[in-house]
Protein chains: 2
Amino acid sequence: MCGIACQNAGMDIVSSKPSGLRARKRQETLERIAETGLRLFSRNGYEATTLDAIAEGAGISRRTFFHYFKSKEEILLDWQLRGFSASLRKAVLAQPAGKVPVEVVRDAMLMLSVGFRTQEFISIDRVLRSSETLKARKQATYGLHEQALYATLMERWPDPDRGATLRLVAMASLGAMRLAIEAWIQAGGDRPVDSFLHAAFDGLASEFGKPSR
Amino acid sequence: MCGIACQNAGMDIVSSKPSGLRARKRQETLERIAETGLRLFSRNGYEATTLDAIAEGAGISRRTFFHYFKSKEEILLDWQLRGFSASLRKAVLAQPAGKVPVEVVRDAMLMLSVGFRTQEFISIDRVLRSSETLKARKQATYGLHEQALYATLMERWPDPDRGATLRLVAMASLGAMRLAIEAWIQAGGDRPVDSFLHAAFDGLASEFGKPSR
DNA sequence: ATACAAAGCTGCACTCGGTGCGAGAATATT
DNA sequence: AATATTCTCGCACCGAGTGCAGCTTTGTAT
């Protein structure tokens with residue numbers, strides 16, 4: 001779950017102290033690598049960007065790259081994961097009581113949907129859709145988000161009997177969000193993201209809700 | 001969509017003639033490679049199985065392997081795709097009239113669920129879950145199934161206005177199936193797959209159907 | 001401040017997946 | 001039988017990723 005930069009981060013988490021110069025430099029280098037990688041991916045394409053180019057651009061050696069990222073792909077995965085699951089968790093837990101799970105998740109996603117319009121999001125999403133391998137990874141990341149959202153929902157409704165249905169809610173909600181984003185990008189951004197999200201959740205309700213038997 | 005072995009298969013599809021010895025040998029070699037690969041994956045693990053080993057086991061050269069499969073992964077993808085989408089399509093189109101889309105898909109999946117119990121399915125599914133890359137590919141394959149199922153649903157309900165909701169149905173149904181299979185494997189196969197599938201669809205109906213607004 | 005331990009950086013050599021190319025063998029066509 | 005097409009193969013090559021060993025930098029104990 002933790003992914004990168006966790007081999008010596010245990011102390012940091014516990015003591016919450018940057019532990020000095022070492023950790024700060026590490027953080028700086030990490031961000032420099034990610035930044036360089038994403039920039040080169042957007043400009044020259046994913047496949048055409050070699051690790052040597054990233055390493056040179058970030059001012060490190062090729063070998064050192066692997067001390068920060070497990071693989072080339074992980075630059076993208078890290079970006080994709082960074083924040084989103086955590087933001088969604090916060091937004092879910094911040095929803096007022098009295099709503100059913102589906103409403104909570106939908107409204108939480110609506111809160112976050114403003115972040116989708118950024119240039120960075122669109123630019124990197126184009127990279128993510130540029131190759132088969134990356135599309136696969138992107139899909140897999142939705143799986144991670146699904147797990148995280150499920151954990152959050154279980155945190156809010158800690159009833160073991162609801163576990164199975166909360167898994168379904170997490171799956172279908174993230175799927176709805178995925179389809180909404182796809183449709184939105186497909187449409188070229190004319191209508192706002194929110195309307196696509198609403199339409200997706202309404203569609204699920206009408207298709208799955210009518211004759212439950 | 002076609003994937004492998006399509007560079008010279010055009011003639012075969014059109015004329016539906018095996019066109020003699022060449023095509024037969026090609027088919028034989030293809031199956032021999034797939035068989036060898038799957039066997040070695042199951043026995044020694046995916047990463048530990050090199051292309052040289054597969055090629056040697058199948059009696060071909062390393063270079064020739066890439067004339068049959070685009071990549072090592074494709075052996076697994078091909079197995080995973082082979083038949084399923086097509087079977088699901090047939091089962092969907094065979095459902096009696098009068099059912100709503102969700103019911104049609106659910107009942108079609110129930111028809112196919114008997115195929116999940118085979119030893120081959122379980123064995124290869126274990127390989128698919130053995131590495132991060134493969135898990136990602138597996139997820140991505142669900143995306144392909146989603147597209148195929150969506151196309152089938154559009155074939156049965158060719159109303160352009162329903163397109164968006166049919167996409168949702170395809171997404172949520174395949175997600176439900178995925179969760180059902182996961183839960184079933186998790187449970188060790190005590191209860192039959194069917195009950196997990198039923199539970200998943202019922203759960204979706206109750207969570208998304210109650211207060212739609 | 002000095003000495004020592006720990007962590008980080010780097011180059012080297014290596015494995016493996018994957019591709020382009022060209023020659024030669026097998027198959028199909030006339 | 002001659003010709004064209006396709007299959008197979010070896011070869012050289014590239015990029016991603018790993019293990020190792022040595023060196024430098026940072027942190028800590030004395």
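Lettering follows sequence order; numbering is per chain, from 1.
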Sub-3.5 Å pairs of nitrogen or oxygen atoms, protein against nucleotides 11-16 of chain C:
unit_1: C/dG11; atom_1: O6; unit_2: A/Arg63; atom_2: NE; d: 3.4

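The interatomic distance linking A/Leu30 (CG) with C/dG8 (P) rounds to 13 Å, in whole Å. For the pair B/Glu56 CD and D/dG10 C1', the interatomic distance rounds to 16 Å; values are reported in whole Å. The distance between atom CZ of B/Arg26 and atom C1' of D/dT8, rounded to the nearest whole Å, is 11 Å. When the P atom of C/dG17 is taken as reference, atom CZ of B/Phe65 falls 9 Å away, rounded to whole Å. When rounded to the nearest whole Å, the span between CD of B/Glu132 and P of D/dG17 equals 14 Å. To the nearest angstrom, P of D/dA16 lies 15 Å from CD of A/Glu74. Between A/Glu28 atom CD and C/dG8 atom P the separation is 15 Å, expressed in whole Å. In this structure, the CZ atom of A/Arg24 is 17 Å from the C1' atom of C/dA7, given to the nearest Å.
The side chain of A/Tyr68 contributes an N or O atom lying less than 4.0 Å from OP1 or OP2 of C/dC9.
In this model, no donor atom of one side chain and acceptor atom of the other lie less than 3.5 Å apart for B/Gln186 and B/Glu182.
Counting heavy atoms from C-beta on, the side chains of A/Gln95 and A/Arg156 come closer than 4.5 Å.
Judged by distance alone, the side chain of B/Ser42 and the main-chain N or O of B/Arg39 form no donor-acceptor pair under 3.5 Å. A donor-acceptor pair under 3.5 Å is formed between the side chain of A/Lys72 and the backbone N or O of A/Thr49.
If you find the closest nucleotide of DNA chain D to A/Phe66 and to B/Lys25, the one lying nearer the 5' end belongs to B/Lys25. Nearer to the 5' terminus of DNA chain C, by closest-nucleotide assignment, is the contact made by A/Thr29 (compared with the other of B/Glu73 and A/Thr29).
Aromatic rings of B/Phe41 and B/Tyr46 (six-membered ring for Trp) have centroids within the 6.0 Å cut-off, being under it.
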* Test salt bridge (Lys or Arg N to Asp or Glu O under 4.0 Å) applied to A/Arg32 and A/Glu35, step by step -> CA-CA 5 Å; A/Arg32 193 153 22 98; A/Glu35 204 177 314; over 6 Å; no
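Atom CD of A/Glu155 sits in a crowded spot, with more than 12 heavy atoms from other residues, nucleotides or ligands closer than 6.0 Å.
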